[in-house]
Colleague: 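Below: one structure in structure tokens.
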Amino acid sequence: MYPAKFEYVRALDVADALAKISSDEDAKFLAGGHSLVPLMKFRLATPSLLVDISQLQELAYVKDEGDYVAIGALTRHHDVERSGILQSHVPILPHVAGMVGDPQVRHRGTIGGSVAHGDGASDLPAALLALDATMVATGSVGQREIPAKNFFKGFLETDLSPDEILTEIRVPKGTKAWSYKKFNRRAQDWAIVGVAAVKNGSTKVAFVNMGSSPLRSTGCEGALNKGASITEAAELATEGIDPPSDLNATSEFRIHLAKVLTRRALEEMEG
Amino acid sequence: MTKIAEHDMSVIGKKVLRREDPALLSGESKFVADLEAPGVLNIFVLRSSVANARIRSINVQRAKEAKGIVAVYTAADLESEWAAPMPCAWPVTADMKNPAHYPLAKDTVRYVGDGIAVVVAHSTEEAADAASLIEVDYEEQPVVIDLEEALSGRHLVHESLGTNVSYVWELNPNPVGLEKAFTEAKYVVSERYVQQRLIPAAMEPRGVLAVPSPMGGDYTLYSATQVPHILKVMAALTLGISETKLRVIAPSVGGGFGSKLNVYAEELICLALSRKHRLPVKWVEERSEGGQATIQGRGQVQYMELAADADGKLLGVRVNLIADMGAYLQLVTPGIPLLGAFLYHGVYHVANYGFKATGVFTNKTPTDAYRGAGRPEATYAIERAMDALAKKVGVDSAEIRRRNLIQPEQFPYNSPAGLIFDSGDYPKNFEMALEKLGYSKLREEQAQRRLQSSTKNLGIGISFFVEMCGLAPSRVLASLNYSAGGWESATVRILPTSKIQVVTGTSPHGQGHETSWAMIVADKLGVPIEDIEVLHSDTAIAPHGMDTYGSRSLSVGGTAVHLATERVLDKARKLAAHQLEVSEEDLDYGAGAFSVKGAPEKVMPLAGVAFEAFTAHNLPEGMEPNLEASISWDPPNFTFPYGTHLAVVEVDSETGKVELMRYLSVDDCGNQINPMIVEGQIHGGIAQGVAQALYEEAVYDESGNLLNPSLADYLVPSAAEMPNFELGQTVTPSPTNPLGVKGIGEAGTIASTPAAINAVVDALSHLGVTNIDMPASPERVWRAIQSAKG
């Protein structure tokens, strides 16, 4: 697999990254490279310039900020998995990070890269959606905060504009119960269907690979709010959702799996 | 037969660490892609994007003008390079249809991946960029994808043939008896099984580097191949190069599984272009390209029938299969079903046997040998059908097998298909495996779970395999119309400094011959392994060889090494006797030295003998200088490894997910030279067979597009999907060779596929499920449960 020709520069800091990305309208940021590089090798992505931000150490951190935990966008999956702060305050995230790909992927891939790529089949975006996380984007005019609910727009499409860089992810504390059900055939694979459920006040349920972007299960959440039983709520989990068919599962089977996995996630949270 | 297992001092039977591994683990080993050659040209092959089409036109002009491009060739440009079409060495019948197959497709493309043009550039990236500028105008034709549809001949892969059938091959020694068996049977089982196509996915993709010599018109062809010797002969014939001018080297090769047992278009193209440009030419396969450009395995529809009496004892076995050749016949494509043709009754005694295979062309990548080649398909059919028979008779699946196993006193067993099974004690092996597993306890647990209507359904799968390997007695190959022999050669050379060179005609690509062959010689000569160097896979160093495939290397090539060592030792003994002035019978040999019986102080070490042979100052009358012997050994029979493989699965009936909980095997491969290598082969083999059962399939759409050529979509399982394997063994030495060895390279793959599927079907049998096509994906399992519910 030979990618098309491209130029490569390394950013020195965030400001430099922003300057470099705006120098070429077909430029892309390169972080861990575990989503972008495969696409380039298949020639599904043909950026003319790669701006390598992977060495911006100032964006690799996990900090306790009181009400929330701040995660630098360039924090590797492995570091999310091992973070003591996250393990105490947002335990679902280390758990989910530990299920991304294989150890090599987890040592290269970054949480910000996964989120900015916006793949509906990735684990972390759905978990952040269920957590009601906030994405912090930095652009030439300053920073803005984007709630996860408004961040994921469609197939590999997010609310980030081409001249913005995702710098931080803020995750509220206060999880009372959580569950993540990842269904796949091989441990290293993307989920055929994944369900992230978080109880923090109300119960939030988000799906992996049930649409072109990570999705919240409004059917299930609505039913639970109205006092439905777990079984009833799980049965309504896929309301309004039309998942894709691929080699691993038809749309019909995905719907079935999503209901079973939602029920199991809710049951696990009940404990 | 040497009872090597009984030597206490012997290195044989010890878990010696592989000598190959330090270089492999530290990255020092050189694969084709690692090789550099000054001035090298890199090529990229443009492949057909449609499965069946006439080519109206190809426009390469823009590609030729692209940066860094040296040349662009289409089939028409290279026609004069070929002295003959690409070889098929196994014309299984006299009237087999074998359409001419050239490295590039000329007027018609017949599968997605068929080569159309070659771009020659300084860098591969430039070649790939330029290839995307080539414009091909296709006139698409209807495609032939399904095997049964292919038989109908409604659309044709090769119009000029007038049929999609390449051949029909039958083995039916006693048609009247077979017919009678089925008429008189109390029970008849009729099953249809599908062997899906598999992508071999060797860890190292293929690669070629052809280097012309600056003078003399010689060529060196480096290739990631299992068969440098066969490749040399075939490439010489195909390109019209004198065989004396061609040297083939297989450097470190990262697995093959049969996929590198071939002569490929890219090998011939690189060689032809190196002749044309007088420069080295290199090609390295892309992983996804390999899904289309390298042969695939399996691809059969099997109709399997068993006839049995009131006790469930077999009366007859009848097999009818359609085998997918793909678009062309590669090196041994048509012969693969024949390698299983004799084994569809498995380990069970039966009097009446019939087999028929129809090879058909389809608009897909050609098939060919893939680990087990024909024997996994046979084992699958008989082991699945035995479970179906057990169900029909109403006995446990272990019991139906007990009633039918070939008994120890029947060996050597004259099989109904005409083979002579060498040795075995099947009941002992079978009961040992069941006992180790705790079979009856698991059956109790299964019943318990069913009572509780658990969604975690327990299943136990049995597979008892026998294979014919150690390919092969050349006379038998002749009777099957195979165009080569099955012998193997070896040279053992003791140098003046007493270091030893072993030259073998086998061509290891992960099997560890450098270790095992050295162990065989070290054992015989009583010298340290470190003094022995094993040379291989270079036709200039090892001119004679039949290479490595079909679990043949140890039983044929290892035996040749053993015999050559004996011959060298005989010569050394003569020389030592001469110089010690005693008769040969008065000499003992041990720990690397000759000593005189009754006079232990009169000693002559092998090192001394070697030096005397080198100086040749004082040799016995008529003895030639040098201590060296060569041998070519042709085995008198196949070997027949066997074993019981047991899989325990848990099937989640809500999600259809299959969890392999336990896997236990008791293999009998005769004597073991290095049990660690044996275990490694079994581990990899089991994983690869389970992969067919649960994970892997080359999926084609109705237009003939391969949908999952990349490893993201083609599900090769990892260690994470496998349980710890529980391995046991019985040892029944083979009388076929002096080492008493049988071969283990394919055993795991042959046995494990039916073990896994039988377990899945067993888990769900109480729900009415009787069959699940492979791979048993969650959705397939879930749907099988839904449709059994009605």
Side-chain angles (χ1 to χ4, degrees), chain A residues 1-6 34-35 37-44 46 48 98-99 101-106 119 121-122 181-195 231 234-235 243 245-265 267, chain B residues 42 44 66-68 121 123-132 205 284-290 455 652-659 691 694-701 706-722 775-783 785-786:
Chain A
M1 296 190 287
Y2 306 103
K5 214 173 174 85
F6 60 89
H34 274 60
S35 302
V37 174
L39 289 181
M40 289 171 62
K41 286 192 165 189
F42 280 116
R43 299 198 171 200
L44 296 172
T46 52
S48 50
M99 299 181 86
D102 57 34
Q104 291 179 36
V105 171
R106 295 197 287 273
D119 190 340
S122 292
K181 297 288 173 201
K182 179 172 183 173
F183 188 84
N184 55 14
R185 291 173 70 183
R186 298 182 301 180
Q188 63 191 357
D189 284 329
W190 281 287
I192 295 171
V193 175
V195 177
T231 315
E235 223 16 73
S245 288
D246 58 30
L247 290 179
N248 283 317
T250 59
S251 181
E252 181 193 3
F253 184 51
R254 277 206 163 79
I255 287 177
H256 166 77
L257 281 176
K259 290 176 181 175
V260 172
L261 298 176
T262 302
R263 193 197 76 224
R264 289 182 181 178
E267 282 169 355
Chain B
N42 288 283
F44 185 89
K67 186 174 161 286
S123 80
T124 314
E125 287 78 4
E126 287 166 336
D129 285 347
S132 65
V284 175
E285 186 179 64
E286 299 176 89
R287 174 61 68 184
S288 307
E289 182 182 29
T455 55
D652 183 332
S653 46
E654 281 190 304
T655 64
K657 184 155 181 169
V658 175
E659 196 89 44
L694 302 181
Y695 297 100
E696 296 183 15
E697 177 177 23
V699 183
Y700 282 86
D701 69 12
L706 176 63
L707 300 180
N708 56 346
S710 93
L711 289 180
D713 297 314
Y714 186 80
L715 306 182
V716 177
S718 73
E721 283 70 56
M722 297 293 144
S777 67
E779 178 152 5
R780 279 210 177 119
V781 171
W782 177 70
R783 287 193 185 277
I785 296 166
Q786 301 313 304

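A note on names: the letters A, B, ... follow the listed sequences, proteins ahead of strands, and every chain is numbered from 1. Please read all numbers here as calculations on a predicted model, not as lab measurements.
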Colleague: In terms of the angle between their ring planes, are Y2(A) and F44(B) parallel, tilted or perpendicular, with boundaries placed at 30° and 60°?
Modeller: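 Rings of Y2(A) and F44(B): perpendicular, as their planes differ by over 60°.
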Colleague: Given the options V699(B), L715(B), D129(B), which has more heavy-atom pairs under 4.5 Å with chain A than any of the others?
Modeller: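 Ranked by heavy-atom pairs under 4.5 Å with chain A, first place is L715(B).
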Colleague: Identify, with sequence neighbours excluded, every residue that meets side-chain contact (heavy atoms from CB on, under 4.5 Å) alongside V284(B).
Modeller: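 Result, side-chain contact (heavy atoms from CB on, under 4.5 Å) vs V284(B): A33(B), K282(B).
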Colleague: Quick one about R264(A) and T655(B) (side-chain donor to acceptor, distance below 3.5 Å, no hydrogens or angles considered), yes or no?
Modeller: no
Colleague: Can you say whether D701(B) sits under 4.5 Å from chain A via the side chain, the backbone, both, or neither, judging by heavy atoms?
Modeller: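 Neither part.
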Colleague: In terms of heavy-atom proximity below 4.5 Å to chain B, should D246(A) be classed as side chain, backbone, both, or neither?
Modeller: neither
Colleague: I'd like to know which of L261(A), D102(A), N184(A) tops the heavy-atom pair count under 4.5 Å against chain B.
Modeller: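 With the most close heavy-atom pairs to chain B, the winner is N184(A).
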Colleague: Sequence neighbours excluded, which residues qualify as side-chain contact (heavy atoms from CB on, under 4.5 Å) partners of P243(A)?
Modeller: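 For P243(A) the side-chain contact (heavy atoms from CB on, under 4.5 Å) partners, ignoring immediate neighbours, are M210(A), I241(A), S251(A), R254(A), I255(A).
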Colleague: With only heavy atoms counted, which part of E721(B) is less than 4.5 Å from chain A, the side chain, the backbone, both or neither?
Modeller: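 Only the side chain of E721(B) comes within 4.5 Å of chain A.
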Colleague: Is E252(A) salt-bridged to R783(B), going by a charged N under 4.0 Å from an acidic O?
Modeller: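 Looking at R783(B) together with E252(A), the answer is yes, because their closest N to O distance falls below 4.0 Å.
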Colleague: Considering only heavy atoms, which portion of A720(B) lies under 4.5 Å from any heavy atom of chain A: side chain, backbone, both, or neither?
Modeller: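 Looking at A720(B), just its side chain touches chain A.
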Colleague: Checking R780(B) against chain A: side chain, backbone, both or neither under 4.5 Å from a heavy atom?
Modeller: neither
Colleague: Under the 3.5 angstrom rule, does the side chain of R106(A) hit a backbone N or O of G98(A) as a donor-acceptor pair?
Modeller: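 Yes: the side chain of R106(A) pairs with the backbone of G98(A).
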